[in-house]
Amino acid sequence: MDDDARVPMSGAQLLASFFASAPTAAHPAIRARVPRVRAHLLTYLDTEAEAWLTPDELVLVGAERQLEPQDAVVRVTGVEVVVAALPGFCHPAWLLPAPLDARAQLRLVAALRQWAAEHGELSAQATVHLLPRVDEAVRRAQAGLNGSPAP
């Protein structure tokens with residue numbers, strides 16, 4: 001099959017491969033929190049990811065929601081939408097309330113960012129623009145959890 005003919009990875013495929021294979025998700029300090037963080041991430045993406053969608057993607061999401069509302073965004077969008085949405089998932093309003101859950105959330109975001117960079121078939125433009133935003137959002141959120149001023 002020609003590389004140009006390959007179907008791009010969906011956000012759902014990215015998340016499924018990440019949560020099935022990423023070493024961070026199996027780390028003993030995080031493993032018990034993974035289901036909460038994953039469910040919270042999917043809720044966040046269904047609620048907030050539309051801000052990063054093109055008009056055509058919004059139409060696809062609308063049609064997909066008519067069939068199955070839950071997780072529609074990740075089923076019809078690609079890796080770049082998931083990565084673009086990650087900084088917002090690090091915002092204090094979206095951090096899980098329990099401090100240990102919030103720390104696990106940030107570790108998983110950092111690991112997902114790395115996983116997407118290595119396995120998610122990101123464009124060069126996304127790599128240059130989106131990945132540093134995720135890194136900065138994780139640093140700020142960690143500083144907030146530690147009670148220190150954001151870097």
Side-chain angles (χ1 to χ4, degrees), residues 1 3-27 29-98 100-142 145:
M1 177 181 263
D3 280 345
D4 293 334
R6 291 187 324 164
V7 175
M9 180 183 281
S10 73
Q13 290 168 318
L14 171 75
L15 294 177
S17 66
F18 170 73
F19 283 108
S21 304
T24 302
H27 188 279
I30 296 177
R31 185 178 26 239
R33 292 176 171 80
V34 168
R36 274 190 299 282
V37 173
R38 185 178 188 170
H40 192 55
L41 175 59
L42 290 170
T43 298
Y44 168 77
L45 292 170
D46 271 344
T47 305
E48 302 288 337
E50 290 182 9
W52 293 276
L53 301 182
T54 66
D56 289 343
E57 289 170 328
L58 286 169
V59 170
L60 286 173
V61 169
E64 184 68 15
R65 281 188 172 149
Q66 290 179 0
L67 299 172
E68 175 57 47
Q70 189 172 8
D71 305 336
V73 171
V74 295
R75 283 196 306 276
V76 300
T77 61
V79 172
E80 291 182 10
V81 169
V82 173
V83 173
L86 289 176
F89 190 56
C90 298
H91 189 276
W94 277 99
L95 287 179
L96 288 164
L100 291 175
D101 287 346
R103 289 184 194 291
Q105 178 178 341
L106 295 175
R107 285 188 66 183
L108 285 168
V109 167
L112 178 56
R113 172 256 186 248
Q114 187 65 34
W115 187 267
E118 294 171 3
H119 306 287
E121 305 160 7
L122 290 171
S123 69
Q125 184 176 10
T127 300
V128 169
H129 295 289
L130 297 178
L131 298 181
R133 285 181 173 164
V134 177
D135 295 339
E136 178 62 23
V138 169
R139 277 193 298 275
R140 285 182 182 275
Q142 286 172 334
L145 286 176

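The structure displayed is predicted, hence computed values, not measured ones.
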Write down the atom of [X], the atom of [Y], and the distance for their closest heavy-atom approach.
X      : Y      : value
Arg65  : Asp46  : NH2-O, 2.8 Å
Leu131 : Arg113 : CB-NH2, 3.5 Å
Leu45  : Leu15  : CD1-CD1, 4.0 Å
Met9   : Gln13  : CA-OE1, 3.3 Å

I'd like to check [X] versus [Y] (side-chain heavy atoms, cut-off strictly below 4.5 Å). Are they in contact?
X      : Y      : answer
Thr24  : Trp115 : no
Val76  : Glu57  : no
Cys90  : Leu106 : yes
Leu112 : Val83  : no
Thr43  : Thr47  : yes

Item to complete: Show your reasoning for whether side chain to side chain contact (heavy atoms under 4.5 Å, CB included) applies to Val34 and Ile30.
Response: CA-CA 6 Å; Val34 168; Ile30 296 177; 3.7 Å; yes
Worksheet item: For the atom pair CZ (Arg36) and CG (Leu96), what is the distance rounded to the nearest 0.5 Å?
Response: 7.5 Å
Worksheet item: Just how far is it from atom CG of Leu86 to atom CG of Leu41, taken to the nearest 0.5 Å?
Response: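 Output value for this atom pair is 6.5 Å.
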Which atom pairs, donor and acceptor, lie under 3.5 Å between side-chain atoms of residues 116-123 and protein residues at least two apart or in another chain?
unit_1 : atom_1 : unit_2 : atom_2 : d
Glu118 : OE2    : Gln114 : NE2    : 2.6
Ser123 : OG     : Glu80  : OE2    : 2.9
Ser123 : OG     : Ala126 : N      : 3.0

Discussion item. Going by ring-ring contact (aromatic ring centres under 6.0 Å, His included), name the pairs with one or both residues in residues 41-78, residues two or more places apart or in two chains.
Written reply: Tyr44-Phe89, Tyr44-Trp94
Discussion item. Atom CZ of residue position Arg133 - does it have more than 12 heavy atoms of other residues, nucleotides or ligands inside 6.0 Å?
Written reply: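 Counting neighbours around CZ of Arg133, 12 or fewer heavy atoms of other residues, nucleotides or ligands fall under 6.0 Å, so no.
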Fill in: salt bridge (charged side-chain N to carboxylate O under 4.0 Å, His left out) involving Arg33 - partner list, sequence neighbours excluded
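Partners of Arg33 under the salt bridge (charged side-chain N to carboxylate O under 4.0 Å, His left out) test: Asp101.
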Practice prompt. Apply side chain to side chain donor-acceptor pair (under 3.5 Å) to Arg107 and list each qualifying residue two or more places apart in sequence or on a separate chain.
Written response: none
Fill in: Residues which pass side-chain contact (heavy atoms from CB on, under 4.5 Å) with Arg75, listed by chain and number, not counting sequence neighbours
Ala12, Glu64, Glu68, Asp71, Ala72
Fill in: Partner set under side-chain contact (heavy atoms from CB on, under 4.5 Å) for Leu58, not counting sequence neighbours
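Once residues adjacent in sequence are excluded, the partners of Leu58 under the side-chain contact (heavy atoms from CB on, under 4.5 Å) criterion are Glu50, Leu53.
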Discussion item. Can a donor-acceptor pair be found, under 3.5 Å and without considering hydrogens, that links the side chain of Ser21 to the backbone of Phe18?
Written reply: no
